[in-house]
A.B. asks: 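Handing you this structure, nothing more for now.
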Amino acid sequence: MADTRLQIVVGKGGVGKSTVAAALALERAARGGRVLALELGGSGGLARALGVESSSDPVKTSQAAPPGEVYVASVDGEAALSEYLALLVPVRRLLRGVMATRFYKAFVGAAPGLRELMAVGKVWYECQKTNDDGSPTWTTVIVEAGATGHSLRYLRMPEVAARTFASGLVHREAVRVGDMLRDPDYCRVHVVALPEQMPLSEAREVLVALDEELGMELGRLIVNRCRQAAPPAAERLSGELATVASSGPDGCLATVLADLAARELSWLAIQERGLERIERDSGRRVLRLPLLVVEEFGPAELGRLAGVLAGEPGVNAGGAVSP
Amino acid sequence: MSVAGLLSEHRVIVCVGSGGGGKTTIAAALALRAAAEGKRAMVLTIDPARRLAQALGLDTLASGGQRVSDEALAAAGCRVSGALSAGMLEQKGAWDDFIRRSAASDEIAEAILANEFYGHLSVSFAGSAEYMAVEELARIVDSEEYDVIVLDTPPTAHALDFLLAPRRLREFLDRSLLGWLVKPSVAAGRVAWKTARRSLGYVLDRLEEATGAQALASIAEFFVAMDSLFDGVAERGAKVSALLESEQTAFVLVAGPDDRVLDESDYLQRRMAELGVPLRAVVGNRLAVCPRQPDTLARAEAAVLLDGMDSGELARDWLLQLWDDAWRVSQGQELRLEAFEAQLPREVRVARVPEMDHDLHELSDLAMVAAEL
């Protein structure tokens, strides 16, 4: 896939966006990159996943394999707006006075999409940043967009802002940022889902919106927490257990085991049906990240997911699961 | 005390929580439970969850609310002596209705509806869905058509953000802001304000450079048109706040097993206290189902039992691995939930809802969830 400068990770709440964004950052760094992982509309999940304190200034994580580097930062639209206004209103004291007024607070809260626009503007700024020798500061900027469940709101913002503000600086800024997002050589969007019916149909809606409404290019379609395929004889075992259980007392061991097997096979069938369907409907291959059962999800697990993103074996698909 | 017990003590149940926890499902299950207990119950959702509509036997969820047919309920084996209705909040439509209801005249309403800034406000404004949800809730409560109303709130980054959003919008829709926007150059009486205004005039000039004169003019126009509505909005806002803070309303936190909020009970309680809304219940949703006899002896017995099966070693190992995984996951979840529970005030009810073995499809699935509450 195209390894663009800007990569945006979207998906509904609870699908593991932070984990996936962190794994993507580590994977890119493992190939020797200097990566900035940015969280928009922060709940601090990305920083937590990479083991650093959430901060608006980039903090380096120790989890990246040298010589690659990963820095993490959160973007707060309100702070970004203050930074931006500081450029417009050079008198410090005056600016502080203004920002303390209720009008300012309300305006910032209310002007449609201003905060989101500023957050996306900050992403643009980081992407454009260069070192003294003119080389780009970041090989790749990976953005986790919106923990709010409205990931797309950020991506729509430049368009909304350009329409709301028909002229002036914000308009020009919005157009510039919008152009960057729509350039497939510069920006790709990774869509994350879970292998269940509802998250997958929502992912499908995001794919359609990217394509038809936003005009943005898909990077990878990632399905997180995929179950391993069951062995060919699993169905048979499940049936055998059910037979034993039906003759035994309620709650006996065979019932417990039969229930366990049936439950797993049921979710596996849902997974395979769902993945097949989204691949068929979208014409895109799904990248499966494995469900990892551990006491605590830590750097080792994140490293494993980064490995799968790099092409190491992850989930054995198909197998005994009947469609 | 069960979570469902809240249904007989409160008229309004508000389900809060971050995305992915299953709020919509729990809200619908609570409403179904209330209907089963003989109440006229309504579940109001913000999520355009078509599957919930399907599960309720409705084609789509209408914004005004729609009755779930007795046939559908009976077919699912739900004995309902009351009535179950479901509605979905359509943000733009709800705003338009709100303006039409509140405006002093049709001309004023039309002027607002046609305003460009209003168009953006009602659709893409942060917090506007939340504000309308609360407004719609108050309207339904006033109508007295239902005994119990369960509100499913929009997904938020943090479990409690929902409660802050309407407040922010209310502050924005405050009459005193009008002066700032429309007559920024008119000096106010007090000295301190005078300085603030002078600098504000400067900033408005800069803002105008930044946003273009047209956008600011459209915002100002909006405020002028809204002028006659401000008293109504403020009154309404106060009433809605009072409803949420009253004994009539109970807040239920819905959290999935991996939810961060389970590690933040201090924060959660402090925040809810600040907002003046007490937490009544917590629902731990989609918890892992643990094998019933999880000790080592049982596992050894299971291994022996599986050895007696004809399906072979691979299948045997597969199932034993599932056994171990299920045990480990459920243990971890239980410890976390217990630690969380221990820090909650004693009167907060806690329910555990195990994960089903399939996605939510129909009313009978909802009934199964309802039984766990």
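Fair warning: this is a prediction, and the values are worked out from it, not measured in the lab. In what follows, every chain begins at residue 1, and chains take the letters A, B, ... in the order their sequences are listed.
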A.B. asks: Any side-chain heavy atom of B/Trp318 within less than 4.5 Å of one from A/Glu264?
C.D. replies: yes
A.B. asks: Given heavy-atom pairs under 4.5 angstrom as the criterion, report whether the side chain, backbone, both or neither of B/Leu314 touches chain A.
C.D. replies: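 Its backbone and side chain both get close to chain A.
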A.B. asks: If you measure from CG on B/Asp325 to CG on A/Leu291, what distance do you get to the nearest 0.5 Å?
C.D. replies: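 B/Asp325 CG to A/Leu291 CG: 8.0 Å, rounded to 0.5 Å.
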A.B. asks: How close do B/Ala302 and A/Leu257 get, counting heavy atoms only, and between which atoms?
C.D. replies: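 So the minimum-distance heavy-atom pair works out to CB-CD1, 3.9 Å.
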A.B. asks: Can any side-chain N or O of A/Arg263 pair as donor or acceptor with the backbone N or O of B/His358 at less than 3.5 Å?
C.D. replies: no
A.B. asks: Looking at every non-hydrogen atom in both residues, tell me the closest pair between A/Trp267 and B/Met356 and how far apart they are.
C.D. replies: NE1-O, 3.1 Å
A.B. asks: Kindly give the heavy-atom pair with the smallest separation between B/Arg328 and A/Val294, and that separation in Å.
C.D. replies: NH1-CA, 4.4 Å
A.B. asks: A/Glu240 side chain to B/Ser311 main-chain N or O, any donor-acceptor pair under 3.5 Å?
C.D. replies: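 Yes; at least one donor-acceptor contact below 3.5 Å.
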A.B. asks: Go through the atoms of A/Leu237 and report whether side chain, backbone, both or neither lie under 4.5 Å from a heavy atom of chain B.
C.D. replies: both
A.B. asks: Looking at CG of B/Asp310 and CZ of A/Arg236, how far apart are the two atoms once the value is rounded to the nearest 0.5 Å?
C.D. replies: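 It comes to 5.5 Å.
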A.B. asks: Examine whether an atom of B/Gln331 lies under 4.5 Å from a heavy atom of chain A, and if so say whether it belongs to the side chain, the backbone or both; otherwise answer neither.
C.D. replies: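 Neither part.
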A.B. asks: If you draw a 6.0 Å radius around CZ in A/Arg176, do more than 12 non-hydrogen atoms from other residues or ligands fall strictly inside?
C.D. replies: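 More than 12 heavy atoms, drawn from other residues, nucleotides or ligands, come within 6.0 Å of this atom.
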A.B. asks: Could you pull out the closest heavy-atom pair between B/Ala315 and A/Pro231, with the gap in Å?
C.D. replies: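 Minimum heavy-atom separation between B/Ala315 and A/Pro231: CA-CG, 3.8 Å.
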A.B. asks: Taking all heavy atoms of A/Leu260 and all of B/Leu322, pick out the closest pair and write down the distance.
C.D. replies: CD2-C, 4.1 Å
A.B. asks: Any chance you could measure B/Leu319, atom CG, to A/Leu265, atom CG, to the nearest 0.5 Å?
C.D. replies: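 One finds 9.0 Å between CG of B/Leu319 and CG of A/Leu265.
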A.B. asks: Which answer fits B/Leu306, side chain, backbone, both or neither, if we ask what part of it has an atom under 4.5 Å from a heavy atom of chain A?
C.D. replies: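 Contact with chain A is through the side chain of B/Leu306 alone.
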A.B. asks: Search all heavy atoms of B/Met309 against all heavy atoms of A/Val244 and return the closest pair with its distance.
C.D. replies: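 Looking at all heavy atoms of both residues, the shortest contact is CE-CG2, 3.6 Å.
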A.B. asks: Is it the side chain or the backbone of A/Val15 that comes within 4.5 Å of chain B heavy atoms, both, or neither?
C.D. replies: neither
A.B. asks: Does any heavy atom of chain B fall under 4.5 Å from the side chain of A/Ala174, the backbone, both, or neither of them?
C.D. replies: neither
